[in-house]
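As structure tokens, the structure follows; a few thoughts come after it.
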Amino acid sequence: MTEKKFVVVIPARGGSKGVKDKNIKSLDGFPLIYYSINVAKQLKLIEEYIITTDSEKIIKTSLRYCNKKNIIKRPKKYANDNSKDIDYVKHLISNFKKKKKKLPFGWVILRPTTPLRDFKVVDKSIKYLINNTEASSLISVHEISETPAKMFGVTGKYLHGLSPFDPRKEYYTLPRQAFPPAYVGNGYVDIVLTKNILKNDFYGERMLSFTTPDTGEVDNENDFESLQIKLKSKNYNKYKINK
């Protein structure tokens, strides 16, 4: 175990606009949150894992796969549509302080909405952050095929480019190869540092890029169908776990 301690956070609020009770909706016979718990229990480089939720339904479901000590009830004010990620991490830090528990160096965030992870990849991300001492955080990303520089915005009824700092005339007509690769965060794993959270920063200015496969995220009902197909076609580790 590294001297720099890490705690996994599984943020699972009850409210969901796109899919009702999304975090506990069944995927291949298991509630969505199960997949993140399963990965957390297999990680080698963490001290513990914590589910932070405002929902009694999610607590009841999670207790089928973990112990009560692994769940912290989050106040509703940190679990509404306008709540920020930093809110639930600050709440965890406050909880640790009240219990006089030593604060970890970093918090490894496993969002239930990206369920199909490999725990070895997550462990690798922790090692990568440890070895890059100047980084303020780590964000998992994958490359996207279409650069945002070729997209348009609309003002009134007219289109305009979305990269006003690009000096090239009608840059949005240029081929994709004329732009640098573009990446999008995918929720596979994020790691934030306690020292930055205490300064009211979440990611900080030196966000370490960590490329992972695009395993799919859940935003709507169709995403569940896509993930079901992936589960059938690939050998994801989803065996039953003990508490």
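Below, all heavy atoms of this structure are taken into account, side chains as well, without hydrogens, waters or symmetry copies. Just so it is clear, the structure is predicted and the values come from calculations on it, not from any experiment.
With rounding to the nearest 0.5 Å, the separation of CD1 in Ile10 from CG in Leu110 is 6.0 Å. Within the model, atoms CG of Asn222 and CG of Asp219 stand 11.0 Å from one another, a figure rounded to the nearest 0.5 Å. A distance of 11.5 Å separates CZ in Phe30 from CD1 in Ile37, rounded to the nearest 0.5 Å. In this structure, OG1 in Thr215 is found 5.5 Å from CG in Leu116, a value given to the nearest 0.5 Å. With rounding to the nearest 0.5 angstrom, the CZ atom of Phe179 is 7.0 Å from the OG atom of Ser163. Rounded to the nearest 0.5 Å, atoms OH (Tyr188) and CD (Glu217) are 12.5 Å apart.
With hydrogens and angles disregarded, a donor-acceptor distance shorter than 3.5 Å links the side chain of Ser55 to the backbone of Ile58. Checking side-chain atoms of Asp21 against main-chain N and O of Ile24 turns up no donor-acceptor pair under 3.5 Å. Using modelled atom types, no side-chain atom of Thr114 and backbone atom of Arg111 make a donor-acceptor pair closer than 3.5 Å. The closest donor-acceptor contact from the side chain of Asn132 to the backbone of Leu129 lies at 3.5 Å or more, if one exists at all. Here the side chain of Asn70 pairs no donor or acceptor atom with the backbone of Cys66 at under 3.5 angstrom. Between the side chain of Gln42 and the main chain of Asn38, a donor-acceptor pair closer than 3.5 Å is present. At least one donor-acceptor pair closer than 3.5 Å links the side chain of Thr53 to the backbone N or O of Ala12. A distance-only check finds no donor-acceptor pair linking the side chain of Thr113 to the backbone of Val218 [under 3.5 Å].
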query: Thr212 and Arg117: side-chain hydrogen bond (donor to acceptor under 3.5 Å, both in side chains), yes or no, with the steps?
result: CA-CA 9 Å; Thr212 69; Arg117 302 178 178 91; over 6 Å; no
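One hydrophobic cluster holds both Leu159 and Tyr172 under the rule that ILVMFWY side chains link at heavy-atom gaps under 4.5 Å. In this structure, Tyr65 is a member of the same hydrophobic cluster as Leu63, with clusters built from ILVMFWY side-chain heavy atoms closer than 4.5 Å. Follow the hydrophobic side-chain contacts under 4.5 Å out from Phe152 and you reach Val154 in the same cluster.
For the side-chain contact (heavy atoms from CB on, under 4.5 Å) test, residues two or more places apart in sequence or in another chain that qualify with Val184 are His142, Ile144.
Taking 4.0 Å as the cut-off between side-chain N and carboxylate O, Lys90 and Asp85 do not count as a salt-bridged pair. Under 4.0 Å is where a charged nitrogen must lie from a carboxylate oxygen, and between Glu47 and Lys4 no such pair does. One finds no salt bridge joining Arg13 and Asp54 here, because no Lys/Arg side-chain nitrogen approaches an Asp/Glu carboxylate oxygen to under 4.0 Å. Using a 4.0 Å cut-off between a side-chain N of Lys or Arg and a carboxylate O of Asp or Glu, Arg168 and Asp166 qualify as a salt bridge. Ion pairing between a basic and an acidic side chain is recognised when a charged N comes within 4.0 Å of a carboxylate O; Lys73 and Glu56 show such pairing.
Here the side chains of Pro112 and Pro31 are not in contact, with every heavy-atom distance at 4.5 Å or above. In this structure the side chain of Ile126 reaches within 4.5 angstrom of the side chain of Val108, judged on heavy atoms. Using a 4.5 Å heavy-atom threshold, the side chains of Glu221 and Lys25 count as touching. With contacts defined as side-chain heavy-atom distances shorter than 4.5 Å, the pair Leu193/Ser137 does not qualify.
A cation-pi contact, defined as under 6.0 Å to the ring centre and within 45° of the axis, is absent between Lys5 and Phe105. At least one cation-pi condition fails for Arg176 and Tyr171: the charged atom is not both under 6.0 angstrom from the six-membered ring centre and inside a 45 degree cone around its axis.
Residues Leu32 and Pro115 approach most closely at CD1-CG, 3.8 Å, considering heavy atoms. Scanning all heavy atoms of the two residues, the minimum distance from Ser140 to Asn186 falls at OG-OD1, 2.6 Å. The two residues Val8 and Ala40 come nearest to each other via the heavy atoms CG1-CB, 4.0 Å. Among all heavy-atom pairs drawn from Lys150 and Glu146, the shortest one is CD-OE2, 3.3 Å. The two residues Tyr78 and Ser83 come nearest to each other via the heavy atoms C-OG, 3.1 Å. Across all non-hydrogen atoms, the minimal contact from Tyr35 to Leu27 is OH-O, 2.5 Å.
The environment of Lys101 atom NZ is dense: over 12 non-hydrogen atoms of other residues, nucleotides or ligands sit within 6.0 angstrom.
Relative orientation of the Tyr128 and Phe210 rings is tilted, given thresholds of 30° and 60° on the angle between their planes.
For the salt bridge (charged side-chain N to carboxylate O under 4.0 Å, His left out) condition, the pairs that include at least one residue of residues 120-144, sequence neighbours left out, are Glu134-Arg206.
The closest side-chain donor-acceptor pair between Asn196 and Ser136, if any, does not fall under 3.5 angstrom. Side-chain contact annotation: Asp28 with Gln228, donor-acceptor N/O pair under 3.5 Å present.
Grouped with Ile72 in one hydrophobic cluster are Val7, Val9, Ile50, Ile86, Tyr88, Val89, Leu92, Ile93, Phe96, Leu103, Trp107, Ile109, Ile139, Val141, Tyr183, Val192, Ile197, Leu198, Phe202, Tyr203, Met207, the linkage being side-chain heavy-atom contacts under 4.5 Å among Ile, Leu, Val, Met, Phe, Trp and Tyr residues.
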